[in-house]
Participant: 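Below you will find the structure I want to go over with you.
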Amino acid sequence: MCPQLSPDEKLASEESLKLYCRPIEWYNIIQHRAAKNPTFLQRCLDYMIEARRKKRIQLTVSLSRGTNTACREQNIFPLYVLLATPTSNISLEEHPPIYRFSRAYFLTSFGGFGSKDHTKATFVIPDIENLASSRASNLNIIIISRAGQVGEDIGENNCTGGHLERSALQKLEGKCFWGNISINLLRLSLENHASTLNLGHTMKLTSTVEMRPSFLEKKFLEQDNCLTFCSHKVDATGSYKLQVGISAQEAGARDIRENPYSSYSYSDVPTPSLPRIVRLRAGNVHFNCKYYKNTMQKTEVTEDFACPFCFVKCGSYKFLWTFSKGGVT
């Protein structure tokens, strides 16, 4: 927008634009002073940006009808799939480990194309490099079947997208069959296919899980949801095996690299294509400031989701909007 202006109107428009520039000058002063001692807000944003860009592995657990032909569907489902860690602060000889869980899914049928049922559970764990040295190496994927058991069905009315609510899990008690997959053992397979994950491909594994008869009991430790399995309360016969499919793919930092325009250097881009590359590059934000009675416009382009006034890197559109809406800019 560049209308024909008289000398007086041009002077007035420049004065109007100064209202936009004054906050920038003020924030530049603050930013210079805080270079050696970042503000609390900036440290929080840096932490969120780092967490967002951290590499992780997404695991998807499902069952295939083709690999479980020996088991009838009504003898398996519903299934409850949990990501849990054995506790170390309580140990009872007559009990297996007590597991603390934070996320659980409800599966109602085998996986299949076009299925409308709940057929998979998705969990996120640390990447391969950090998995061995972190507490996540103690994680287990716990699979529980209560097929054929008398009692309240907690799944259908207490789940969103297959994810069970915590309040509903308090009712998950009684006779069951259960088995587990150790993330530490799964890590060995992931390490052997690390190059596949790094290229952004999906790795598919099959794990044989022995489903053992037991009695599921709830435990509450430090206000966390915990459970344990008591085999001495039920008949120890009747165990069976499930073939569980696991898909693994890299998540987090890979999502940022997916934008092909992020790898371009502006100096390598022909001038006619530069505006388009700037617009499509991940993290670039266009700010249009209208001034002088909305007859003129000034455009600012920032990178890394940065605020146009104080240039704080917010990491995403969501954080940038929240940051600006909070009155900081």
Side-chain angles (χ1 to χ4, degrees), residues 56-63 76 78-107 121-126 128 130-147 149 151 154-155 163-191 205-246 248:
R56 295 178 176 87
I57 296 175
Q58 178 177 289
L59 300 178
T60 302
V61 181
S62 62
L63 273 71
I76 301 176
L79 278 180
Y80 304 89
V81 184
L82 295 74
L83 189 65
T85 306
T87 62
S88 58
N89 53 340
I90 290 184
S91 176
L92 301 176
E93 293 182 358
E94 65 272 20
H95 283 224
I98 297 176
Y99 292 94
R100 178 182 290 115
F101 63 91
S102 59
R103 196 169 183 85
Y105 284 85
F106 177 67
L107 275 59
T122 302
F123 305 104
V124 177
I125 61 175
I128 298 176
N130 297 318
L131 191 56
S133 59
S134 67
R135 294 175 58 185
S137 61
N138 295 325
L139 284 170
N140 284 261
I141 297 174
I142 304 249
I143 301 174
I144 304 170
S145 172
R146 295 189 64 196
Q149 302 299 325
I154 69 170
H163 179 215
L164 280 173
E165 300 174 0
R166 281 198 176 192
S167 59
L169 290 169
Q170 297 178 5
K171 305 173 185 177
L172 188 61
E173 186 172 19
K175 291 183 179 180
C176 69
F177 287 85
W178 81 288
N180 68 304
I181 303 172
S182 170
I183 294 296
N184 195 36
L185 294 179
L186 189 62
R187 175 179 59 86
L188 301 178
S189 298
L190 295 176
E191 288 178 344
L205 305 169
T206 300
S207 178
T208 302
V209 179
E210 183 179 0
M211 301 294 289
R212 305 177 292 275
S214 189
F215 189 92
L216 190 154
E217 291 185 350
K218 304 191 310 289
K219 298 290 181 182
F220 293 92
L221 306 176
E222 301 173 358
Q223 305 302 316
D224 286 336
N225 283 336
C226 296
L227 51 80
T228 188
F229 302 91
C230 303
S231 58
H232 66 277
K233 292 187 177 182
V234 297
D235 186 355
T237 61
S239 62
Y240 60 93
K241 294 182 179 181
L242 285 180
Q243 300 297 321
V244 179
I246 301 175

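As the structure is a prediction and not an experimental result, all values here were calculated from the model.
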Participant: Do Asn140 and Ile181 touch side chain to side chain, with heavy atoms closer than 4.5 Å?
Facilitator: no
Participant: Output the distance between atom CG (Leu79) and atom CZ (Arg146), rounded to the nearest 0.5 Å.
Facilitator: 12.5 Å
Participant: Looking at every heavy atom in both Met211 and Ile143, which two are closest together, and how far apart are they?
Facilitator: CE-O, 3.6 Å
Participant: Output the distance between atom OH (Tyr99) and atom OG1 (Thr85), rounded to the nearest 0.5 Å.
Facilitator: 10.0 Å
Participant: Do Phe229 and Ile142 have side chains that approach each other closer than 4.5 Å (heavy atoms only, starting at C-beta)?
Facilitator: yes
Participant: Nearest heavy-atom pair of Asn138 and Pro86: which atoms, and what distance?
Facilitator: O-CD, 3.1 Å
Participant: Drop me the distance from Thr206's OG1 to Leu63's CG, to the nearest 0.5 angstrom.
Facilitator: 10.0 Å
Participant: Could you check whether any side-chain heavy atom of Asn180 comes within less than 4.5 Å of a side-chain heavy atom of Arg212, counting everything from C-beta outward?
Facilitator: yes
Participant: CZ/Arg103 to CG/Leu83 distance, rounded to the nearest 0.5 angstrom?
Facilitator: 9.5 Å
Participant: To check you understand the geometry: which heavy-atom pair defines the closest contact between Phe177 and Gly238, and what is its length?
Facilitator: CE2-O, 3.3 Å
Participant: Would a 4.5 Å heavy-atom cut-off, applied to side chains only, mark Ile183 and Leu59 as touching?
Facilitator: yes
Participant: Quick one: closest heavy-atom pair of Ser214 and Trp178, and the distance?
Facilitator: CB-CD1, 3.6 Å
Participant: So does Ile76 get a backbone contact from the side chain of Ser145, meaning a donor-acceptor N/O pair under 3.5 Å?
Facilitator: yes
Participant: Would you give the length of the straight line joining atom CG of Leu186 to atom CG of Leu131, rounded to the nearest 0.5 angstrom?
Facilitator: 8.5 Å
Participant: Sequence neighbours excluded, which residues qualify as side chain to side chain donor-acceptor pair (under 3.5 Å) partners of Gln243?
Facilitator: Thr208
Participant: With sequence neighbours excluded, what pairs up with Glu191 under the salt bridge (charged side-chain N to carboxylate O under 4.0 Å, His left out) test?
Facilitator: Arg187
Participant: Side chains of Val81 and Val244, heavy atoms from C-beta outward: is any pair under 4.5 Å?
Facilitator: no
Participant: Does Phe106 reach the side chain of Tyr80, with side-chain heavy atoms less than 4.5 Å apart?
Facilitator: yes
Participant: Got a donor-acceptor contact below 3.5 angstrom from the Tyr105 side chain to the Thr122 backbone?
Facilitator: yes
Participant: If you apply the rule side-chain contact (heavy atoms from CB on, under 4.5 Å), what do you find for Leu227 with Leu82, and how did you get there?
Facilitator: CA-CA 11 Å; Leu227 51 80; Leu82 295 74; 3.7 Å; yes
Participant: When rounded to the nearest 0.5 angstrom, what is the spacing between SG in Cys176 and CG in Leu216?
Facilitator: 5.0 Å
Participant: Please give me the minimum heavy-atom distance between Ala121 and Phe123, naming the atom from each residue.
Facilitator: CB-CE1, 3.9 Å
